[in-house]
Amino acid sequence: MNFRFDLIAEYAPFFFQGTLVTIGLSLGAIAIGTILGLFIGIGKIAQNKFIRLPFSWYVTFFRGTPLFVQMLLVHFGLVPLLIGDTNGIIAAIVALSLNSAAYIAEIFRAGIQSIDKGQMEAARSLGMSHKQAMRYVILPQATKRMIPPLGNEFVILIKESSIAAIIATPELMYWGRAMQGQYYIVWEPYLTVALIYLVLTLSLSKLLSFVERRTTTG
Amino acid sequence: MIQVKHLKKSFGNLEVLKDISVDIKEKEVVCVIGPSGSGKSTFLRCLNKLEDITAGQVIVNGQDITNPNLDINKVRQEVGMVFQQFNLFPHKTVLENITLAPIKVKGVSEQEANEKALQLLKKVGLSEKASSYPSELSGGQKQRVAIARALAMNPKIMLFDEPTSALDPEMVGEVLTVMKELAAEGMTMVVVTHEIGFAKEVSDRVIFMDGGYIVEENTPSELFNNPKHERTKAFLSKVL
């Protein structure tokens, strides 16, 4: 087998651009997904059953259907509906954000509910409002417990952003497929792409375990 | 100071408190004893509305806490509570545990809160632990910090929910000593406890609860030496 390093070198600028787009998509989706997820997670633990309901439907839908389907719905349905035209980057960020928000919501919910209820009672018995107790007592403790599962979710998000290739978002996987199509070769584009994803996910894991170590003191 | 009128509390179909009425006066120390499941902890938790009240009236410091429009947070600032499981905030130092509520709830300056906290730590004999985390303390020390934390809000009433039940036997004394001092200073206290010795020595009145009712209440010497009800006699024969 003749491994064509020359073709990889030729495609290197595209892979580089694609990697930047992948990082951009992931960061965007992490940011939006986390904020949206916090909101949905808090909604899911509301006292009132009717307030909880739409939030738990949301989580059920986005965790129970394939991201692939969600991506196509957003790209061909939601985005044209909102801005009148398709846009691969926007659709990818929206679909990934909506999807990861569902998983992140569950991480927040589990994190908050894992804190002993005596903590809330102690805070309330001192005269704190529910909001103050959440902010100063529950969330700081819950956040620490959320870091490892959130890290996993971010790693998954980077990998799943590759599905955006199907809607022609010029991210890393898109360029891998383009290279395959142009030269009818398989190993060179996809091993390169796989290696780059691995570098991205490993770097993120390292960063997160560093953060985790920093926050476990005290 | 606290008036309880026909208090009832149910969890679903289970009625835990069935018509409790009691008056607690200023500076009075009341101990609540009784077998497990008699509703004594639930009764205590109704006094600062940690449990929703099913029926009846509870008036604390002249305010009816069963009134849904009442700002319960205001009432709770004047009612300190100490829990069996301590419930210290593990992510905060001992000092921060004590100063958190005064700073955030009452808006006391950090400096003032720190001074007050150090004074309280001295009182409970833990001055040297100010910068420790709760995980570094023994059970008895944790409970003394919890008492200091509640006192930092300058409460008029202190509620104790089995404060020594989760402690190793040799640590019970240090917590009871702090509570005795507090009683001697004239704090109004309601103490759910299994420490019969403490009830005898410190309380002005003992309430014996069973099956969601107050079976008997009296001065400690009368209740322990001369119980009127069969149920009280049976209980005391097992614990004394």
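Below, read A as the first sequence line, B as the second, and so on, with proteins coming before strands; counting in each chain starts at 1.
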Check step by step if side chain to side chain contact (heavy atoms under 4.5 Å, CB included) holds for Tyr190(A) and Met179(A).
CA-CA 9 Å; Tyr190(A) 292 134; Met179(A) 186 176 169; over 6 Å; no

Could you please spell out the steps behind the side chain to side chain contact (heavy atoms under 4.5 Å, CB included) verdict for Thr34(A) and Phe108(A)?
CA-CA 9 Å; Thr34(A) 304; Phe108(A) 277 118; 4.1 Å; yes

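Of the listed residues (Gln3(B), Lys5(B), Gln57(B)), just one forms a side chain to side chain donor-acceptor pair (under 3.5 Å) with Asp64(B), and that residue is Gln57(B).
Put simply, CD on Gln70(A) and CG on Asn99(A) are 4.5 Å apart, with the number rounded to the nearest 0.5 Å. Of the inter-residue distances, the one linking Leu7(B) atom CG with Leu47(B) atom CG reads 8.0 Å to the nearest 0.5 angstrom. With rounding to the nearest 0.5 angstrom, the OG1 atom of Thr42(B) is 6.0 Å from the CD atom of Glu51(B). Asn61(B) contributes atom CG, which lies 4.5 Å from atom CE of Met1(B) (distance to the nearest 0.5 angstrom). A distance of 9.0 Å separates CD of Gln85(B) from CD of Gln143(B), quoted to the nearest 0.5 Å.
Residues of residues 95-114 of chain B placed with any heavy atom under 4.5 Å of a heavy atom in chain A are listed by number as Leu100(B), Ala101(B), Lys104(B), Val105(B). Of residues 192-208 of chain A, no residue lies under 4.5 Å from chain B by any heavy-atom pair. Identified by a heavy-atom distance below 4.5 Å to chain B, the contributing residues of residues 120-138 of chain A are Glu121(A), Ala122(A), Ala123(A), Arg124(A), Ser125(A), Leu126(A), Gly127(A), Met128(A), Ser129(A), Gln132(A), Tyr136(A), Val137(A), in residue-number order.
Heavy-atom minimum distance, Gln141(B) versus Leu126(B): O-CD1, 3.4 Å. Val82(B) approaches Pro163(B) most closely through the heavy-atom pair CG1-CB, 4.2 Å.
For Lys122(B), the NZ atom is loosely surrounded, since the number of other residues' heavy atoms within 6.0 Å does not exceed 12.
Of the atoms belonging to Phe89(B), heavy atoms from both backbone and side chain fall under 4.5 Å from chain A. For chain A, no part of Leu159(B) is nearby; none of its heavy atoms comes within less than 4.5 Å.
Phe39(A) and Phe55(A) have their aromatic ring centers within a separation under 6.0 angstrom.
For the salt bridge (Lys or Arg N to Asp or Glu O under 4.0 Å) test, no residue two or more places apart in sequence or in another chain qualifies with Arg149(B).
The residues Lys156(B) and Glu26(B) are annotated as not salt-bridged, no charged nitrogen and carboxylate oxygen being separated by less than 4.0 angstrom.
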